[in-house]
Amino acid sequence: MAEFSLDTSFIPALHKPSALLPIAKYRDNLLYVIESYPVTIVIGQTGSGKTTQIPQFLEKAGWCANGKIIGVTQVRFSLFPRGILYADDNPQPRRVAATTVALRVADEVGCEVGKEVGYSIRFEDVTSSATRVKFLTDGLLIREALVDPLLSRYSVIMVDEAHERSISTDVLLGLLKKIRKKRPDLRIIVSSATLQAEAFMNFFTTTSEEQTSPVSGDEIAKIVNLEGRTYPIDTLYLETPAENYLRKAIDTVFDIHTQEGEGDILVFLTGREEIDYAVQTVSERVGQEADQFAGLQPLPLYAGLSSEEQMYVFDKPPEEKRKVIFSTNIAEASVTIDGIVYVIDCGFVKLRAYNPKTGIETLTATPISKASASQRAGRAGRTKPGKCFRLYTEQGYQSLPEANPPEIQRSNLAPIILQLKALGIDNVVRFDYLSPPPSELMCKALELLYSLAALDDYAKLTRPLGFRMAELAVEPMMAKTILSAQSFDCLSEILTIAAMTSLGGSVWFYHDGDQKAMEISRRKFAAEEGDHLTLLNAYTAFITKGKKAAHFCHENHLNYKSMTRAVSIRAQLKRYLERFKIEVKESLASNRLEEDVKNKAERIRRCLTSGYFAHAARMQPDGTFRNVEGGTVMHAHPSSLMFNRKADWVIFHEVMETGEKTFIRDITKIEKRWLLEAAPEFYKVSDARA
DNA sequence: TTCGTGCAG
């Protein structure tokens, strides 16, 4: 039973958003501003129609004359996190794709996708010579700048959802600011939430460097506010802070179910563990108190679920049932579910940060920003008026930051520095960032790139290694590994390992209680040398299964969606290498002498060491790991084969601190002398420090 | 004995 009733534990907020209007009436004003100002900042909520309507307005107004095109960058393309569009387990992938923006706009324009309206994402370019409006990811547009530095094909570039401040959005905005100086004809549209619009305005109207002809900021950029079409949302706060937000969230679900009208519930929690617990607790209580709580259908939603499991949240609940979806931040912006009337917001999100001193990433639950809080609340008002229950006090809300620090200020910058250098921006420190990253992050990244020999003594990109590393779509350490693989005669295997590790740990999956079975399955592929070779074995087995692959995955607790993605990534990496004139000799693992296999395994491990020497560690007598400097105590992640096994020196793909502990993942045994061979200078410096 | 979410012609 709930400890508090709704009426006493929540107090309503004073302000309600008013009902909002459609975009059409702003058309003429928008076109006028875009014509008159190089940069237009558009404020518009989800549902305002900005993404679908503005490109059409522009096209009709003649912005595609002389073969120019309109580019619209998108943070996401479908209803689902990426992958489902391609997964063969979905019988009608195109139907899901039909929800993408490009398809919607093509439909409105009355053309086929890929003709006048097209889109381009990794692995899928649906554009043609007829394309005038092109939706693409911001990362891809940055890559286009490698070939066409002034992005001269575009008359207008619209950066959608810029307020989300992903690293690639930030870099793209910096590039566009630079390009604008050389291309006065280019029009830039930045779509943003209200809170961040000023910051974008300031960014485009101030100059960081000396400028020849001083221009007033007023002539460069203008903000246009489009009111969106949403329904009013009542926001309610706790009177006193919750001691345990998870329990409070569950109680609130039951309160809503018994006291409020129809409509599904969306609950924001921070991670899988909390979500599984909440789903289980609610279903147990529904079972026990069937009379009162019958008709509640709890569902989990997080990225680690298989596509079938994610599908359930979109299904209509059975008659007389109320869906309650317990979700991570994935439902804040990436996934939109219709029919949500009630939102419960725990007030926390897990955020990644990167410590340049240790090179260790952390993942910790952090209070959300006001911007996030309003985004979460907005999920309730998409189909009719809704309510948002915030599991914190109004005072707590007031103390939240306006926005969380942008990604570029809390990430490993090595990949982005490599790209900037490849774009000809050698002075990466003085690049015009929307939010400059801390200098420690810059230094750490430059050091790493130097030790990988991607940069020379003058911090210039090396040829061909550095340029090739920038072009490969994997992180620098893996790029180096791939480009060394030919000399270790294991390129085919390294390509597979690169594709598998870039899946980020979603290879094996299991449901609660299924874990033992998963581990038994995994043992079939296990290699004594560690996780990388185990991943190689799993992939090799997978690709020989042909039409039975899906069945094979199901039997072996492998994530089919991830495996098919690995196949695509590997093919793409191979195409890059072929462009570099590096031949990939495909070797099949069957019919090998045991000695050959051992020999190859050693070459693979040596090759991995050539890229991952900075991620080396030694096992201590107590079974934990220390890096070369001996500082941080690290544990093998329970998902690793090296968990509870003996080893001496190892290299690992990733290190992450969560809660109290620091874990390393994707671990392979190596010999200490290989480290000295791979990076003599790196280890000389480290020894001196120690 | 465990991990927010994306993305790369």
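Each chain gets a letter, A, B and so on, in the order its sequence line appears, and its residues count up from 1.
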Quick one: is Thr137(A) getting a side-chain N or O under 4.0 Å of the dA8(B) phosphate, OP1 or OP2? yes

Report which part of the nucleic acid Gln572(A) touches: base, sugar-phosphate, or nothing (heavy-atom distance under 4.0 Å, all strands). sugar-phosphate

Salt bridge or not between Lys50(A) and Asp160(A)? Use side-chain N to carboxylate O under 4.0 Å. yes

Look at the aromatic rings of Trp508(A) and Phe525(A) and report parallel, tilted or perpendicular, splitting at 30° and 60°. tilted

Using a heavy-atom cut-off of under 4.0 Å over every strand shown, decide if Thr270(A) touches base, sugar-phosphate, or nothing. sugar-phosphate

Any base atoms under 4.0 Å from Tyr576(A), or only sugar-phosphate, or nothing? Heavy atoms, all strands. sugar-phosphate

When rounded to whole Å, the CD1 to C1' distance for the pair Ile416(A) and dC7(B) reads 10 Å

Presence of donor-acceptor pair under 3.5 Å, side chain of Arg143(A) and base of dG9(B): no

For the side chain of Phe643(A), counting heavy atoms from C-beta on, which of dA8(B), dG4(B), dT1(B) is nearest? dT1(B)

Please identify each residue that fulfils salt bridge (charged side-chain N to carboxylate O under 4.0 Å, His left out) with Lys68(A), with sequence neighbours left out. none

So, the side chain of Arg565(A) versus the backbone of Ala499(A): is there a donor-acceptor pair under 3.5 Å, distance only? no

Asp138(A): partners by salt bridge (charged side-chain N to carboxylate O under 4.0 Å, His left out), with sequence neighbours left out: none

Return the value, rounded to whole Å, for the distance between atom CG of Asp138(A) and atom C1' of dG6(B). 10 Å

Whole-Å distance separating the CD atom of Glu660(A) from the C1' atom of dT2(B): 14 Å

Counting heavy atoms from C-beta on, name the nucleotide in dG9(B), dG6(B), dG4(B) closest to the side chain of Ile330(A). dG6(B)

Rounded to whole Å, how long is the line connecting atom CZ of Arg272(A) with atom C1' of dT1(B)? 13 Å

The nucleotide from dC7(B), dG4(B), dT1(B) with an atom nearest the side chain of Thr328(A) is dG4(B)

Tell me the interatomic distance from Glu274(A), atom CD, to dG4(B), atom C1', rounded to whole angstroms. 11 Å

Compare the minimum distances between each of dG4(B), dT2(B), dA8(B) and the side chain of His637(A), then state the nucleotide with the smallest one. dT2(B)

Quick check for you: among dG9(B), dA8(B), dT1(B), whose closest atom lies nearest to any side-chain atom of Lys661(A)? dT1(B)

Base, sugar-phosphate, or nothing for Leu351(A), non-hydrogen atoms under 4.0 angstrom? nothing

Between atom CZ in Arg575(A) and atom P in dG9(B), what is the gap in whole Å? 9 Å

Should the pair Tyr612(A) and His615(A) be assigned to parallel (<30°), tilted (30 to 60°) or perpendicular (>60°) ring geometry? tilted

Would you kindly compare Arg579(A) and Ile167(A) by the position of their nearest DNA chain B nucleotide and give the one closer to the 5′ end? Ile167(A)

Rounding to an integer number of Å, can you tell me how far Ile417(A) CD1 sits from dA8(B) C1'? 18 Å

Among dG9(B), dT2(B), dT5(B), which is the nearest nucleotide to the side chain of Tyr302(A)? dT5(B)

Comparing Ser502(A) and Glu273(A) on DNA chain B - which has the more 5′ nearest nucleotide: Glu273(A)

Take the protein atom CD of Glu519(A) and the nucleotide atom C1' of dT1(B), then report the distance between them rounded to whole Å. 9 Å

